[in-house]
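First up is the structure itself, then whatever we jot down about it.
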Amino acid sequence: RVKSRCWPPPATFSRGNPMGEAKNSALRLSFERRLGLEFHGAKVTSDAGLLAYRELDEVLGLTKAAEGFLSDSRTGRNTRHSLTALLRQSVYSRLAGYKDTNDAERLCVDPAMRQVVGGRATDHTAASTSQMSRFETQTLTRPPNLKALSDLPGVLVDRVRKRKPIRKLILDMDSSVSPTHGEQEGSSYNGHFGCTCYHPLFCFNQFGDLERALLRNGKVHSADHWRSVLEPVVARYRHKNIIRRFFRGDAAFAKPEVYRYLEAEGYSYAIRLPANAILYRDIDYLLTRPVGRPPKRPIVFHHSVLYQAASWEKPRRVVVKVEWRQGQLFAEVSFIVTNLRWREDNVVRFYNQRGTAEQWIKEGKYALNWTRLSCHGFQDNQVRLQLFALSYNLANFLRRLALPRAVKHWSLTTLREKLIKIGAKVVAHARYVTFQMAEVAVSRQLFRAILERIRRLWLPPPVPDTG
């Protein structure tokens with residue numbers, strides 16, 4: 001006699017009272033009846049690696065620095081969480097890959113998030129979705145707070161510079177695209193990118209730290225509002241003990257007002273210059289194809305000319321690179337306007353290094369998804385971009401200050417997937433809370449090495465003035 005079979009198998013159901021035990025009992029799997037699945041949201045976390053970033057935050061005093069910049073207009077029960085705690089929750093949630101305030105509904109009980117947020121969240125819960133929404137769309141959008149939030153990336157960079165002084169500064173400025181959807185305020189069609197978007201502007205230093213960012217309308221030119229981004233950065237470094245200061249930019253920043261400003265501030269610059277007939281005429285002899293079979297390696301010529309455009313008040317040096325490649329009928333020609341006195345090939349090599357800025361922008365896009373600016377209001381999206389900037393800087397600080405040499409090459413995406421996304425079980429005792437962390441991609445030895453490098457960044461206590 002053939003027995004009838006049902007699907008799913010009976011082992012996948014929990015026995016007992018369907019209104020009681022079945023709600024909390026383990027889920028069963030049909031392929032192995034001994035396996036049970038239990039969910040303990042407040043006792044287990046998938047983001048235990050955030051604790052390393054919180055340690056770096058504490059040593060450098062990063063988010064704590066916001067206390068003196070942000071003003072609090074909240075009253076009553078809305079002040080359960082401090083502005084610093086709310087800012088930490090916004091920054092760390094984005095760092096872990098949670099891009100929207102809706103994620104706070106689950107993150108508010110996550111043990112790792114509660115510990116990194118601190119304050120009331122340690123013993124209770126972190127901020128809810130409604131609290132985070134009010135913080136980001138009401139508190140931070142107030143003009144004084146929005147200005148302070150825009151300055152915070154530079155404040156964090158200055159705190160790192162106190163531990164790691166520099167003698168040379170290189171600034172790279174570039175724009176990017178943030179696609180929009182629907183009727184978002186300030187979004188416009190951009191013909192260069194071929195989509196409806198915002199057009200943010202970024203300024204990085206040579207270590208990949210984001211000095212300043214600005215959200216702009218989608219239809220603006222790539223160099224529009226460059227003063228709003230560059231001038232505050234230059235002002236911060238103006239009286240610092242830095243021997244050499246450099247600036248690099250693409251052809252969008254080839255403007256006489258940019259040259260004049262950089263020269264007045266004592267910056268050496270290398271900026272791509274759009275080609276024109278006069279420049280081609282000056283290097284006409286280099287545009288004749290070399291005789292003979294072209295070699296596999298490109299044939300490269302460097303030259304420099306003194307050139308003055310009609311809008312320039314004086315002539316400036318222009319470095320030329322002419323490159324003949326196998327299989328190409330015409331040479332690749334590039335022009336770089338500069339006040340550097342280096343050899344032509346060194347100027348070209350220095351300018352080409354600005355490609356790292358494009359790589360940092362890509363990391364912000366893929367690791368943090370900072371182009372996800374989904375609010376309707378333009379100011380709300382400006383706040384979101386600044387919060388992403390703070391998350392990016394915190395991630396980059398840990399990468400360049402705390403990673404051992406063996407993993408120094410890890411990208412921000414790799415750090416999120418291997419370091420941040422460490423599963424852990426939380427065991428609470430009377431005096432201690434222990435995170436029992438999974439040792440898969442990151443070993444105990446590696447995690448300990450990261451913490452040791454972070455602790456070396458502590459500044460010695462100030463010596464009391466006895467005079």
Side-chain angles (χ1 to χ4, degrees), residues 45 47 49-51 53-54 56-58 60-74 78-110 112-122 124-142 144-156 178 200 210 213 215 364 367-375 377 379-398 412 416 420:
T45 179
D47 302 314
L50 286 176
L51 299 173
Y53 291 85
R54 180 65 180 88
L56 179 65
D57 183 357
E58 183 69 17
L60 299 178
L62 300 179
T63 54
K64 192 174 182 179
E67 292 180 357
F69 289 86
L70 301 178
S71 60
D72 195 351
S73 60
R74 301 172 300 162
N78 291 332
T79 59
R80 288 180 176 178
H81 300 278
S82 67
L83 291 186
T84 303
L86 293 172
L87 181 65
R88 283 185 184 137
Q89 187 167 342
S90 292
V91 170
Y92 283 97
S93 60
R94 287 171 168 81
L95 191 60
Y98 306 105
K99 302 171 285 294
D100 295 313
T101 56
N102 293 334
D103 297 315
E105 198 65 34
R106 187 188 68 81
L107 293 176
C108 68
V109 297
D110 183 89
M113 184 59 65
R114 287 163 51 205
Q115 293 296 327
V116 299
V117 168
R120 185 182 184 275
T122 304
H124 297 84
T125 62
S128 64
T129 295
S130 59
Q131 290 171 321
M132 292 304 302
S133 296
R134 286 194 298 268
F135 172 67
E136 295 188 6
T137 61
Q138 297 178 17
T139 302
L140 292 183
T141 53
R142 296 176 59 242
N145 284 341
L146 184 54
K147 181 182 181 303
L149 192 64
S150 301
D151 294 335
L152 270 180
V155 173
L156 304 191
S178 176
L210 181 56
L215 187 65
L368 299 174
N369 204 2
W370 66 15
T371 56
R372 184 180 172 85
L373 306 175
S374 55
C375 294
Q379 294 292 72
D380 297 342
N381 286 317
Q382 184 77 264
V383 166
R384 287 177 64 90
L385 179 63
Q386 302 304 329
L387 292 173
F388 277 118
L390 295 176
S391 300
Y392 168 86
N393 270 352
L394 182 56
N396 193 62
F397 291 157
L398 186 134
L412 298 188
R416 186 191 65 200
I420 294 179

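Remember, predicted model here, so these are calculated numbers, not experimental data.
- For the atom pair Leu87 CG and Thr139 OG1, the distance stands at 11.5 Å (nearest 0.5 Å).
- Between the side chains of Thr141 and Asp380, no donor-acceptor pair is found at a separation under 3.5 Å.
- The backbone N or O of Ser178 lies less than 3.5 Å from no partner atom in the side chain of Thr371, so there is not a single donor-acceptor pair.
- No side-chain heavy atom of Val91 sits under 4.5 Å from any side-chain heavy atom of Phe388.
- Side chains of Arg94 and Tyr392: no donor on one and acceptor on the other come within 3.5 Å.
- The shortest side-chain heavy-atom distance between Leu56 and Phe397 falls under the 4.5 Å cut-off.
- Note that the CG atom of Asp110 and the CD atom of Gln115 stand 10.0 Å from one another [nearest 0.5 Å].
- Closest approach of Ala367 and Arg416 over heavy atoms only: O-NH1, 2.6 Å.
- Scanning all heavy atoms of the two residues, the minimum distance from Ser93 to Leu107 falls at CB-CD1, 3.7 Å.
- When side chains are defined from C-beta on, Leu373 counts as touching Leu215, because their heavy atoms get closer than 4.5 Å.
- Considering SG of Cys108 and CE of Met113, their distance stands at 10.5 Å, rounded to 0.5 Å.
- Of all the heavy atoms in Leu50 and Ala96, the pair that sits closest is CD1-CB, 4.1 Å.
- For Asp103 and Lys99, the salt-bridge test fails: no basic side-chain N is under 4.0 Å from an acidic carboxylate O.
- Salt bridge annotation for Arg384-Asp100: present, with a cationic side-chain nitrogen under 4.0 angstrom from a carboxylate oxygen.
- A donor-acceptor contact closer than 3.5 angstrom links the side chains of Thr63 and Arg88.
- With Arg114 contributing its side chain and Ala121 its backbone, the two residues share a donor-acceptor pair below 3.5 Å.
- Of the inter-residue distances, the one linking Tyr53 atom OH with Ser391 atom OG reads 11.0 Å to the nearest 0.5 angstrom.
- Atom-to-atom distance recorded for Gln89:CD and Glu136:CD is 9.0 Å, nearest 0.5 angstrom.
- Residues Leu149 and Phe69 have side chains not in contact (no heavy-atom distance under 4.5 Å, counting atoms from C-beta outward).
- No hydrogens or angles considered: nothing links the side chains of Thr84 and Ser82 as a donor-acceptor pair under 3.5 Å.
- A salt bridge does not link Lys64 to Asp57: none of the charged nitrogens lies less than 4.0 Å from a carboxylate oxygen.
- Distance CG/Leu51 to CD/Glu58: 12.5 Å, rounded to 0.5 Å.
- Minimum heavy-atom separation, Gly118 to Ala85: O-CB, 4.4 Å.
- Considering every non-hydrogen atom in both Leu83 and Leu70, the closest pair reads CD1-CB, 4.0 Å.
- For the pair Trp370 and Leu210, the minimum side-chain heavy-atom distance is below 4.5 Å.
- When all heavy atoms are compared, the tightest approach of Leu385 to Ala213 is CD2-CB, 4.4 Å.
- Looking at Gln386, its side chain never comes within 3.5 Å of a backbone N or O of Val383 through a donor-acceptor pair.
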